[in-house]
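Presented below is the structure to which this report refers.
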Amino acid sequence: MTDPAAVEPTTFVLRARHVLTMGAAGHVRDGAVAVVDGRIAAVDGYAAIAARFADLPVLGDGGGILTPGFVSCHGHFSEGLVTGIGETHTLWEWFVHVVEPIEAHLTRDMAYVGTLLKATEMALSGVTTVGDMFCSAPGTPAITPGIVDALDVVGLRGDVSFGPADVPHGYPVDRIVAEHHALAQAAAASRRTRFRVGLATIPSSSDTLLAATRSLLAETDRLHVHLHEVREEVTASRTARGASSIEVAARLGLLDAQTVAAHCVWLSDDDVALLRRHAVAVAHCPVSNMILASGVCQVPRLLRDSVPVGLGVDGAASNDSQDMLATVKTAALLQKVHHQQADVLTAPAVLRMATLGGARALGLDDTVGSLDVGKAADLVLFAEASPSMAFVHDPYQAVVYCAGTRDIAGVWVDGERIVAGAQILTADVPAILPHARELAVELATRAGLASELAVT
Ligand SMILES: [Zn+2]
């Protein structure tokens, strides 16, 4: 495998016709970013940067649009080998018929291969930071270190969690805790990945698992959890515990951690107040909410109420692509058609959710999410020499509505180039495809998904 750091410098000037910093400098025309040892040293007009950093090599032809790397703050690498199945199911049915059957059959090799493919797909769509929750049975040996190994190869920044459930299967909680610890250990030894405590949902957790999760948060004060994705979840929680999942989580102290909550579609006023009080961030996943007919997250209301909102591609079994640009565009379209109001969510607002909003949701906004001095050089350069980007009236709208993965000229993480000319530089995808196909068939067969496959 070629280490991009060995062939490309992490100290350079990157020039573009439009620099959308999503930070203090706003929109800089004919701008540039100076990168020194993988960190942003300056953001300004090109002339000023060229004068100040005259010794540095200049990348880019001066055209195109430069943005911060995108942050996808919710997804499931556990679904990396399960795509294009089950579109006729709503979430509860889909879980029973597609996802739950695979969870007992996932292996570390499957975690590695699925992550390698899906992380590459994300990188090719401009993602530089990925928040993930791997949902499987706890493994012996542990499964989830496979995610970290693959992210190290692709070069993405990771915020990874294991998302266990023990209702109704009754997986022993000590094995669940061991899987968390194995992932934490792997992340601690990784290039750019950190560990977060995960929990699939409140209704699929026993009181014992909830208590164990609370204990884990004393070690790592970060939580990734699904909350109120569908009405059935709220009903199940109220039926079993007499309160909504958000109320139960708050009562148990789970939301005192730095929490990213996926979906939050079905919210009462009290739920919103609790999210706000506990500074819980919402990972909005518009594509999976639409495929699974889950509902419409009230994004404008959450933003008005100062609830941080980021975007997630969600899992490969419920999107089913991992194309962040498609998620960005869909996020805008869904709110416009739902509210029947064209200005309810604009391109700059959506781009902010995809960058700084996601970084805030993961508690990483001191490191990534905007092009500000001192932050990591996580960058995406959109080329302008293409049919879709040939002319740009408004660069925000060009990125949100016009751009496709084919237009991505470069992606850098910590100043290391991992994508050039819409091609991944780090992972050898063609070499792994035959094995990936074998594993995908093996997983579907072992999980008994034959009836789902026959539907299509
Ligand atoms: Zn999810």
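All ligand and atom numbering here is 1-based and tracks the order in the structure.
With sequence neighbours excluded, the residues that form a ring-ring contact (aromatic ring centres under 6.0 Å, His included) with His224 are His74. Listed by chain and residue number, Cys73, Val260, Ala281 satisfy the side chain to side chain contact (heavy atoms under 4.5 Å, CB included) test with Ala361 (two or more places apart in sequence, or in another chain).
Applying the ring-ring contact (aromatic ring centres under 6.0 Å, His included) rule to pairs touching residues 121-141 yields nothing, sequence neighbours excluded.
Between the Lys118 side chain and the Phe77 main chain, no donor and acceptor come within less than 3.5 Å of each other. A donor-acceptor distance shorter than 3.5 angstrom exists from the side chain of Ser78 to the backbone of Cys135, with no hydrogens or angles considered.
Each protein N/O/S atom under 2.8 Å from the Zn ion (ligand 1) was counted, for a total of 3.
In terms of heavy-atom proximity, Val71 sits nearest to Thr355 at CG2-O, 3.6 Å.
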